[in-house]
Amino acid sequence: MSSNILITGAAGYVGGSIIADFLSSSSPVLKSSRITAAVRSDEQAKLLSESGINVLQLDLTDEKAVVESLVKHNINIVIHTASSLDPTMALNLLAGLAEQQKASGSKAYFIHTSGLSAFCKETGWPQGVMKDSGPIFETEKQLAGSFSLRKTDVTITETAKALGITSFIVVPSTVYGKGKGQWNQLSVIFPIAVQASIKQKTVSKFPEDGNIAGVHISDLTELYGLIVKKILQGSGDTIPNGTHGHYFAIAHEMAWWETLGRLAAAMEARGLVASSETQVWTSDEAAAEATGVPEIFVELFFNSSANIIVDNAFKLGWKPTWDKARFFENIDDEVVSVLELGKAKSSLVDSLFLAAKN
């Protein structure tokens, strides 16, 4: 089955890397599909177009424009990476897929990108271990009112079901590694930590240690690819989807203090910090000021974990190639990427400030 696949957030770290991997894939079903990148600005559209990528410049908050564009371009699969917090864009895309489904008579699919913070005890998620093949949706729905990310997930899943669209939710953990996109190749968590450490001449941590889940960008894009290939091969409705369709991209876990210690050693070796010894933040306010993350989100941003056991992704055939040992061996790559590329062109922190304001 050949399809027209739209990837939103294509100028972003995750979306851009998905585009690059899909376009370079040797998979026959991906090679026979048309991949289109959705971007916001003229500058983004120009850069991606010059790289030979099919580009659709689109304001995803404009429902009429979104619906018309998806129908016009015969889009039947959307991978949404542009926003996990605000449901407006996702709902507009679902409306467009619904119209396209009516016009073409072909099935439509929606893959939404959520965030691991929705499943952390710090945001009210129940303590204890839970499989992603378990009652994830039911728990999210029960707790939707207490955290906006959960409410968005539930709204998307229920709206897609009502429209007859098969949906999936991919939940990245802490993503690392240099991306492959044309516009932004930096992730968020580690580049911000590196930049803050350079500014302070020391690597800082929160008073309490914790485990964080991690995944390399190449392993994350592979998971998206597996889901899309299942859809293209005609089994998109037989793999877990909808209320059972959460796919957690957790390749391994690591202790945050140990990770920061490794980062401090790499940065000291480059003369970027005064010592390989980490310091403790004096307050959340100090951490927020140094990192540029809103104070109410700063500890959640850097020091939260989720007790989720990955089941759905592994049953799909996902085989991450990066583990904790490989990441630690190559942690200097995170420093090099910041030195080479500077500040990430990401709207995530801006969206956190907006959420904090609201």
Taking side chain to side chain contact (heavy atoms under 4.5 Å, CB included) as the criterion, tell me which of L93, L97, I77 meets it with L6.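 Going through L93, L97, I77 one by one, the side chain to side chain contact (heavy atoms under 4.5 Å, CB included) with L6 is satisfied by L93 alone.
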Does [X] use its side chain to pair, donor to acceptor, with the backbone of [Y] at less than 3.5 Å?
X	Y	answer
S3	S33	no
Y109	L232	no
R150	T123	yes
N312	H246	yes
T221	S218	yes
T152	D86	no
W318	D219	yes
E253	A213	no
D132	D311	yes
N92	L60	yes

Linking I/L/V/M/F/W/Y whenever any side-chain heavy atoms sit under 4.5 Å apart, do [X] and [Y] land together?
X	Y	answer
I308	L220	yes
V338	V336	no
V71	L56	no
I75	L23	no
L163	V154	no

Parallel, tilted or perpendicular, judged at 30° and 60°: which one describes the rings of F110 and H80?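 The arrangement is tilted - the two ring planes meet at 30° to 60°.
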So W322 and Y176, would you call those rings parallel, tilted or perpendicular, with 30° and 60° as cut-offs?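 Plane angle over 60°, so perpendicular.
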Any side-chain heavy atom of [X] within less than 4.5 Å of one from [Y]?
X	Y	result
S84	T113	no
V170	T81	no
E208	W256	no
W125	L143	yes
E158	K141	yes
Q101	I165	yes
F22	S27	no
L272	L339	yes

Just checking F168 against H112, ring centres under 6.0 Å apart?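 Here the rings of H112 and F168 have centres that are no less than 6.0 Å from each other.
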Mind checking whether F302 and W257 have ring centres under 6.0 Å apart?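 No: the rings miss the under 6.0 Å criterion.
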Counting heavy atoms not belonging to [X], are there more than 12 under 6.0 Å from its [atom1]?
X	atom1	result
R34	CZ	no
H244	NE2	no
E138	CD	yes

Taking atom CG of N184 and atom CG of L341, what is their separation to the nearest 0.5 Å?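 Atom-to-atom, N184:CG and L341:CG are 8.5 Å apart.
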Donor-acceptor pair between [X] and [Y] side chains, under 3.5 angstrom:
X	Y	value
N307	Q127	no
T278	K205	yes
S51	Q182	yes
T166	K107	yes

Test side chain to side chain donor-acceptor pair (under 3.5 Å) applied to S106 and N76, step by step: CA-CA 8 Å; S106 62; N76 61 332; 4.6 Å; no
Applying salt bridge (Lys or Arg N to Asp or Glu O under 4.0 Å) to K180 and D21, what does each step give before you reach the verdict? CA-CA 8 Å; K180 297 181 181 178; D21 276 3; 3.0 Å; yes
